There are 2 protein chains.
Amino acid sequence: MGRHREFDVEKALDAALCVFWRKGYEGASYADLTEATGVERPALYSAFGNKEALFRQVLDRYYERYVDYIPKALEMPTSREVAAYMMSGAIDLNTRYPTHTGCLAINGVLAGSDEAEPVRQALIDSRAVAEIQLRERFERAKAEGDLPETAKPAALAAFLLAVLHGMAVQAKAGFSRDMLEAVAEQALSTWPSKSS
Amino acid sequence: MGRHREFDVEKALDAALCVFWRKGYEGASYADLTEATGVERPALYSAFGNKEALFRQVLDRYYERYVDYIPKALEMPTSREVAAYMMSGAIDLNTRYPTHTGCLAINGVLAGSDEAEPVRQALIDSRAVAEIQLRERFERAKAEGDLPETAKPAALAAFLLAVLHGMAVQAKAGFSRDMLEAVAEQALSTWPSKSS
DNA sequence: GTTTTTTCGTAACGATCGTTACAGTAACGA
DNA sequence: TCGTTACTGTAACGATCGTTACGAAAAAAC
């Protein structure tokens, strides 16, 4: 009994998902959410509860509808194919939508409000400096014969920075030093050696 | 001429650095900053300018005084030692202080205010699920002979997730799909193969 | 048709955000 | 000693944050 809901709950969740994906949890305001969903604040509260509750429902939906490659990856015949499928799935998801790049789960704590955009850009720029330094160093290594002719300095620099970024995220998540050292060891085990 | 500054600018910058390291850029409020530095708001503004300007000075100080292993790493004789030194330096910095783990530059956009802590924990938990799934899958691979006896499933799962997290950060920073695929290829090149 | 129940939108809540007048105070030059 | 200059802290600014009373509106129940 009673009045019917006038908006589509599924569509509203999808719109909220895009907002959180682009702006992160704290960076997404109710002004953003009402604009994207076309639903006024009290209606969002009565349908989904808190902002935190809304985000958790969005997160569940994200894993269910977007990160669907994980179960498929786990069914691959070999561990190497599992890893390859995981990575290609993540790459596809992280670059599929130009308006909300990256991963919602990471962006949830990595992105922020529009006012902080200059700071975010400054952090990105400062890491780009490190990448250039590494690439140039690896180009030198290639010229010196330390790296084989087939080595790609830019890819090596990007890979090393990816591992460093990933470890920084894991450290923030509470990973122990031993665990991080095991990650570094694994990363190093693939490092190309001199051809001589 | 005029009255002298009563607080130590260097000490105040260090205190602000710790706050930004722990809470990120947007998560750090002036209430936090005045409490940590012992300096009232207007004094911080007159000494450092904006919140954004303060953060940029903190970031410069961070690279100068904490991320001092990068120039040393670049001087290592081989590219492999460069990578190894970079990683061990990062690991040490990321786990040195229990009160502010991770990297300030990453935390600057990854951490947030105290109110968002439950959401952050939820995101961490959801990724922990993926790690467990991967570890169990790699344990199975080891039992099946797909992975050699020397392989460490937990380390492989942590490594794969580190690369995935790092790629998510890079995608948010605007990395192209081709660049991410090169990163994945490099990560895969070190994957342990079956012993047969 | 009347009552009941649920949803809708306006409008406001208190709190906190980053920022800044402004008055009081201390150190310098003259 | 006086005037100038710069720093100190109180206190408040307007804006925005997440959240919610509350009355109008609409659909089911009787």
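In this text, all values refer to a predicted model and were calculated from it rather than measured experimentally. A note on names: the letters A, B, ... follow the listed sequences, proteins ahead of strands, and every chain is numbered from 1.
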- Please work out if A47(A) contacts a base, only the sugar-phosphate, or nothing of the nucleic acid, heavy-atom cut-off 4.0 Å. nothing

- Message: Rounded to whole Å, please give me the gap between CG in L44(B) and P in dA6(D).
- Response: 20 Å

- Can we say D146(B) and R80(A) salt-bridge, meaning some charged N sits less than 4.0 Å from an Asp/Glu carboxylate O? no

- Message: Taking 4.0 Å as the cut-off, does a side-chain nitrogen or oxygen of N50(A) come that near to OP1 or OP2 on dG18(D)?
- Response: no

- Which whole-number value in Å describes the distance from R41(A) CZ to dC22(D) P? 19 Å

- Task: Just call it for A116(B): base, sugar-phosphate, or nothing, with non-hydrogen atoms closer than 4.0 Å on any strand.
- Result: nothing

- Query: Hey, is E64(A) close enough to R61(A) for a salt bridge, meaning N to O under 4.0 Å?
  - Reply: no

- Message: So E6(A), base contact, sugar-phosphate only, or nothing? Heavy-atom distance under 4.0 Å.
- Response: sugar-phosphate

- Message: Without decimals, in angstroms, what is the distance between D32(A) CG and dG18(D) C1'?
- Response: 13 Å

- E40(A) side chain: which of dG9(D), dG18(D), dG9(C) is closest? dG9(C)

- Message: Tell me the interatomic distance from Y45(B), atom OH, to dA21(C), atom C1', rounded to whole angstroms.
- Response: 14 Å

- Task: Rounded off to whole Å, could you give me the CG-to-C1' distance for the L33(B) and dT16(C) pair?
- Result: 14 Å

- Task: Could you pick out which residue, V39(A) or Y30(B), lies toward the 5' side of DNA chain C when each is mapped onto its nearest nucleotide?
- Result: V39(A)

- Message: I'd like to know if R3(B) reaches the base of dT25(C) with its side chain, counting only an N/O donor and acceptor under 3.5 Å.
- Response: yes

- For dA6(D), give its Watson-Crick or G-U wobble partner with both distances under 3.5 Å, or none. dT25(C)

- Message: Around atom CD of E185(B), are there more than 12 heavy atoms from other residues, nucleotides or ligands closer than 6.0 Å?
- Response: no

- Answer whether the closest heavy-atom distance between the side chains of H165(A) and C103(B) falls below 4.5 Å. no

- Message: Once you apply a heavy-atom cut-off of 4.0 Å, does S29(B) come out as touching a base, just sugar-phosphate, or nothing?
- Response: sugar-phosphate

- R135(A) and E131(A) ion-paired at < 4.0 Å: no

- Provide, to the nearest angstrom, the distance between the NZ atom belonging to K51(B) and the C1' atom belonging to dC17(C). 8 Å

- Query: Counting only side-chain N and O atoms of H4(A), is one of them less than 4.0 Å from OP1 or OP2 of dT6(C)?
  - Reply: no

- Item | Interatomic distance where CG belongs to D114(A) and P belongs to dT16(D) [whole Å] | 12 Å

- Let me know the distance between CZ of F48(B) and P of dT8(D), rounded to the nearest Å. 10 Å

